[in-house]
Novice: 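Below is one structure. I have some questions about it.
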Amino acid sequence: MSDFSSADYIHMAHALQLARRGLFTAHPNPRVGCVLVKDDTVVGIGWHKKSGQAHAEINALNDAGRNARGATAYITLEPCSHQGKTGPCTEALHDAGVAEVVVAMTDPFPAVSGSGIEALQTSGITLRSGLLQDEAAALNAGFVSRVTRGLPFVRLKMAASLDGCTAMADGQSQWITGAAARQDVQRLRAMSGAVLTGVGTVLEDDPSLIVRDKSLSDLQPLRVVLDSRLKMPPASCMLTLPGRTEVFCIDDSNRKALEKAGATVRVVPAADDHTDLESVLRELAARGVNEVLVEAGRRLAGALLAAGLIDELVIYQAPHIMGSQTRGMFATPDWLQLQQRMQLEVRDVRRIGNDTRITARPVRQAD
């Protein structure tokens with residue numbers, strides 16, 4: 001028999017909705033929501049809006065005021081019990097007189113994990129946990145990945161025709177999908193700590209990789225270019241735009257011109273005479289990047305996929321045929337046997353304008 005009532009589910013679902021309001025702004029912190037309920041009435045709500053600002057619990061307590069005393073708090077992530085940029089939320093909940101806390105999931109961050117729950121119980125607050133845990137973890141897949149694996153959650157975005165083509169033979173690719181799909185990509189960029197591409201894409205398309213839709217966020221993701229030999233032109237579009245651009249290489253002998261143009265150049269280990277992909281991702285995770293959006297050509301996309309470094313694919317499929325003299329989606333190793341194919345689990349399929357967005361994840365042995 002479940003320890004949770006239908007009302008519990010309703011209030012935690014509300015808290016998750018609030019947490020999603022930080023989808024584009026909370027990183028590198030987790031997205032957290034909090035609902036305070038007293039006598040079956042919501043008396044306070046809050047969510048974590050931006051790193052360095054008040055946590056969800058504090059915002060909800062401020063919203064509730066004196067009504068917080070004796071209330072039940074529904075929180076999507078275990079409250080912090082340590083002093084960071086803000087004070088411990090466990091103390092604030094206790095001092096406000098909250099009687100009970102319902103937590104969706106334990107915080108995987110080592111400085112918090114379990115200690116927040118223990119602190120609440122020690123202070124006499126009734127504690128229940130595990131309500132809508134999977135939903136809460138999915139909302140913070142990048143944060144969980146970073147603190148448990150030392151790797152960001154890597155999302156690969158591709159735009160392709162119905163026959164799986166991403167560009168004509170000469171590289172022409174603008175535009176395969178429609179305006180609605182391109183607008184949808186703005187959301188993917190806004191929820192990412194970094195957008196990653198290869199120098200080949202820079203040389204062919206000169207992309208901006210910025211969030212143009214200011215209604216989503218006033219933050220710009222870090223732009224990351226993998227460029228083993230530093231072939232990126234100093235006059236590249238992204239170097240003239242707001243936000244930071246970092247170029248990862250294995251040979252930095254040509255770094256001065258790029259640095260003068262505003263790029264940060266970082267040297268990483270080599271793998272097969274290219275930048276080591278996992279080293280780049282671990283470097284980004286170490287600096288607080290939860291989610292990476294990859295917008296790249298078939299070689300880099302195929303290399304990341306073959307290396308098992310892609311966590312999710314978002315494929316925008318346009319309803320047209322581009323023919324045989326075109327470029328495919330992935331350049332992979334020679335998979336000659338049917339059993340070598342990569343199995344995907346489709347998580348979502350929906351129409352975006354006249355295109356179809358397919359969200360899928362590689363099926364791995366551990367899954």
Side-chain angles (χ1 to χ4, degrees), residues 152 154-161 164-177 181-182 184-186 188-190 192-212 220-241 243-251 254 257-258 261-266 268 271-277 279-281 283-284 289 291-307 309-310 312-318 322 326-332:
V154 180
R155 182 178 288 110
L156 173 65
K157 167 245 145 182
M158 301 287 284
S161 62
C165 302
T166 61
M168 303 307 293
D170 63 359
Q172 183 182 355
S173 62
Q174 296 182 348
W175 297 105
I176 291 177
T177 54
R182 298 196 297 275
D184 195 60
V185 173
Q186 294 290 302
L188 297 182
R189 289 182 183 177
S192 304
V195 181
L196 183 149
T197 193
V199 69
T201 298
V202 174
L203 294 173
E204 285 198 350
D205 298 336
D206 196 18
S208 69
L209 304 184
I210 64 170
V211 178
R212 296 185 181 88
Q220 288 294 340
L222 171 68
R223 298 181 291 268
V224 176
V225 179
L226 303 189
D227 183 6
S228 299
R229 306 292 175 186
L230 294 187
K231 298 178 181 178
M232 181 177 178
S236 296
C237 171
M238 68 177 73
L239 295 178
T240 68
L241 298 171
R244 295 179 297 138
T245 299
E246 294 191 1
V247 184
F248 286 79
C249 66
I250 59 175
D251 179 357
N254 298 323
L258 279 176
T264 299
V265 176
R266 297 186 183 276
V268 292
D272 297 325
D273 205 35
H274 294 286
T275 52
D276 183 73
L277 300 176
S279 294
V280 171
L281 293 175
E283 167 72 15
L284 294 175
V289 174
E291 299 179 38
V292 171
L293 177 65
V294 178
E295 298 190 44
R298 64 192 190 99
R299 290 185 179 85
L300 179 53
L304 287 163
L305 196 66
L309 295 171
I310 298 296
E312 185 171 88
L313 297 90
V314 180
I315 300 172
Y316 296 89
Q317 196 169 49
M322 291 174 59
T326 51
R327 301 182 184 182
M329 298 172 69
F330 305 102
T332 64

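Bear in mind the structure is a predicted one, so any value in this text is a computation, not a measurement.
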Novice: Which of these passes side chain to side chain contact (heavy atoms under 4.5 Å, CB included) with Leu209: Val225, Thr197, Thr245?
Specialist: Thr197
Novice: Working note: Val199 + Val247, criterion side-chain contact (heavy atoms from CB on, under 4.5 Å); need CA distance, chi angles, decisive distance, verdict.
Specialist: CA-CA 9 Å; Val199 69; Val247 184; over 6 Å; no
Novice: Could you measure the distance from the CE atom of Met232 to the CG atom of Leu226? Nearest 0.5 Å is fine.
Specialist: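 Interatomic distance, Met232 CE to Leu226 CG, rounded to 0.5 Å: 11.5 Å.
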Novice: Are Asp206 and Ser236 close enough that some pair of their side-chain heavy atoms sits under 4.5 Å apart?
Specialist: yes
Novice: Would Asp273 and Arg229 pass as an ion pair if we require N to O under 4.0 Å?
Specialist: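 Between Arg229 and Asp273 there is a salt bridge, with a charged N closer than 4.0 Å to a carboxylate O.
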Novice: Indicate the atoms forming the closest heavy-atom contact of Leu281 with Pro152, along with that distance.
Specialist: O-CD, 3.2 Å
Novice: Quick one: closest heavy-atom pair of Pro234 and Ala261, and the distance?
Specialist: O-CB, 3.3 Å
Novice: Within this structure, what is the CG-CD1 distance for the pair Leu305 and Ile310, rounded to the nearest 0.5 Å?
Specialist: 6.5 Å
Novice: Any donor and acceptor pair, going by atom type alone, linking the side chain of Ser228 with main-chain N or O of Thr275 inside 3.5 Å?
Specialist: yes
Novice: Can you tell me which residue among Val289, Leu222, Leu300 is in a side chain to side chain contact (heavy atoms under 4.5 Å, CB included) with Leu196?
Specialist: Leu300
Novice: Measure the CZ-CZ distance between Arg223 and Arg189 for me, rounded to the nearest 0.5 Å.
Specialist: 10.0 Å
Novice: To the nearest 0.5 Å, what is the distance between CG on Asp251 and NZ on Lys231?
Specialist: 11.0 Å
Novice: Do Met238 and Ile210 have side-chain heavy atoms sitting under 4.5 Å apart?
Specialist: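 No, every pair of side-chain atoms sits at 4.5 Å or beyond.
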Novice: Taking all non-hydrogen atoms of both residues, which atom of Leu239 and which atom of Ala263 are closest, and how far apart?
Specialist: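 For Leu239 versus Ala263, the nearest heavy atoms are CD2-CB, 3.7 Å.
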Novice: Which pair of non-hydrogen atoms, one from Ala271 and one from Asp276, has the smallest distance, and what is that distance?
Specialist: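 Looking at all heavy atoms of both residues, the closest pair is CB-OD1, 3.4 Å.
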Novice: Would you call Cys237 and Leu241 a side-chain contact if the rule is heavy atoms closer than 4.5 Å?
Specialist: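 When only atoms from C-beta onward are counted, Leu241 and Cys237 do touch, with a gap below 4.5 Å.
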Novice: More than 12 non-hydrogen atoms from neighbouring residues, nucleotides or ligands closer than 6.0 Å to CZ on Arg266, yes or no?
Specialist: yes
Novice: Report the distance from atom CE of Met322 to atom CD1 of Ile176, rounding to the nearest 0.5 Å.
Specialist: 4.0 Å
Novice: In Å, rounded to the nearest 0.5 Å, how long is the span from CZ of Arg244 to CD of Gln220?
Specialist: 11.5 Å
Novice: Can you check whether Val314's main-chain N or O pairs, donor with acceptor, with Arg155's side chain at less than 3.5 Å?
Specialist: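 The answer is no, because no donor-acceptor pair under 3.5 Å joins these two groups.
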Novice: Quick check: closest heavy atoms across Phe330 and Gly302, and the distance to 0.1 Å?
Specialist: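 Of all heavy-atom pairs spanning Phe330 and Gly302, the closest is CD2-N, 4.0 Å.
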Novice: Are the side chains of Lys157 and Tyr316 in touch, meaning some heavy atoms are under 4.5 Å apart?
Specialist: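 Contact flag for Lys157/Tyr316 side chains = yes.
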Novice: Could you point out which residue of Val268, Val154, Leu304 forms a side chain to side chain contact (heavy atoms under 4.5 Å, CB included) with Leu277?
Specialist: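 Among Val268, Val154, Leu304, the one meeting side chain to side chain contact (heavy atoms under 4.5 Å, CB included) with Leu277 is Leu304.
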Novice: With side chains defined as the heavy atoms from C-beta onward, is the minimum distance between Asn254 and Val265 less than 4.5 Å?
Specialist: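 Asn254 does not reach Val265 side chain to side chain.
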